Amino acid sequence: QVQLVESGGGLVQPGGSLTLSCTISGTNFRLATMAWYRQAPGNQREFVARITPGGFATYSNSAEGRVTISRDNGKAMVALQMNSLKPEDTALYYCNYNNVIWGQGTQVTVSS
């Protein structure tokens, strides 16, 4: 059974940085495409970043240049480093495994 556990969310001031982590168990992580999505209140869930088994990363337009997705196959972990955070980045951030399985989400709030 594949399980995803996100961590690292919190309250940060505008312009600040935050790194989210997602640890995965119950699968061969090395073969997985991992992604981060987010959902703000009243909005649909939207794509943030994705990383392939080979480490190729893609980003949404809003994330490009401010966000870095990375993976540690030894730790079965994917991270999302976010810089220059804006209030509109406030959302529940979800980790996704192979476009099939979701974590429970971790809240990011950007506010002064």
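Just so it is clear, the values below take in all heavy atoms, side chains as well, and ignore hydrogens, waters and symmetry mates. The model shown is predicted, which means the values in this text are computed figures rather than measured ones.
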**Student:** Answer yes or no: are there more than 12 heavy-atom neighbours, outside Glu88 itself, under 6.0 Å from its atom CD?
**Tutor:**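 More than 12 within 6.0 Å, yes.
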
**Student:** Distance check, rounded to the nearest 0.5 Å: Gln44 atom CD versus Gln39 atom CD?
**Tutor:**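 Going from CD on Gln44 over to CD on Gln39, the span is 8.0 Å.
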
**Student:** First locate atom OG of Ser21, then atom CD of Gln81, and finally report the distance between them rounded to the nearest 0.5 Å.
**Tutor:**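 One finds 10.5 Å between OG of Ser21 and CD of Gln81.
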
**Student:** Can you see which heavy atom on Leu92 is nearest to which on Gln107, and at what distance?
**Tutor:**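 That closest heavy-atom pairing would be CD1-N, 3.6 Å.
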
**Student:** Identify the heavy atoms of Pro14 and Ser111 that sit nearest to each other, and give their distance.
**Tutor:** CD-C, 3.6 Å

**Student:** Can you name the ring-ring contact (aromatic ring centres under 6.0 Å, His included) partners of Tyr37, sequence neighbours left out?
**Tutor:** Phe47, Trp102

**Student:** In the hydrophobic cluster built from side-chain contacts under 4.5 Å, what are the other members alongside Leu11?
**Tutor:** none

**Student:** Can you name the residues that form a side-chain hydrogen bond (donor to acceptor under 3.5 Å, both in side chains) with Ser17, not counting sequence neighbours?
**Tutor:**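 side-chain hydrogen bond (donor to acceptor under 3.5 Å, both in side chains) list for Ser17, sorted by chain: Asn83.
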
**Student:** Among Ile, Leu, Val, Met, Phe, Trp and Tyr joined by side-chain contacts under 4.5 Å, find the other residues sharing a cluster with Leu31 and list them by chain and number.
**Tutor:**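 Besides Leu31, the hydrophobic cluster comprises nothing; the residue is isolated.
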
**Student:** Is Tyr93 isolated, or which residues cluster with it under the ILVMFWY side-chain rule of less than 4.5 Å, directly or via members?
**Tutor:**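 Result for Tyr93 is Val2, Leu4, Val12, Leu18, Leu20, Ile24, Phe29, Met34, Trp36, Val48, Ile51, Tyr59, Val67, Ile69, Val78, Leu80, Met82, Leu85, Tyr97, Val100, Ile101, Val108, Val110.
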
**Student:** Backbone N or O of Gly105 within a donor-acceptor pair of the Glu6 side chain at under 3.5 Å?
**Tutor:** yes

**Student:** What closest approach, in Å, do Ser62 and Arg38 show between heavy atoms, and which atom pair accounts for it?
**Tutor:**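 Nearest pair, atom of Ser62 first, then Arg38: OG-NH2, 3.6 Å.
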
**Student:** Just grab all the disulfide (SG to SG under 2.5 Å) pairs involving residues 69-112, residues at least two apart or on different chains.
**Tutor:** Cys22-Cys95

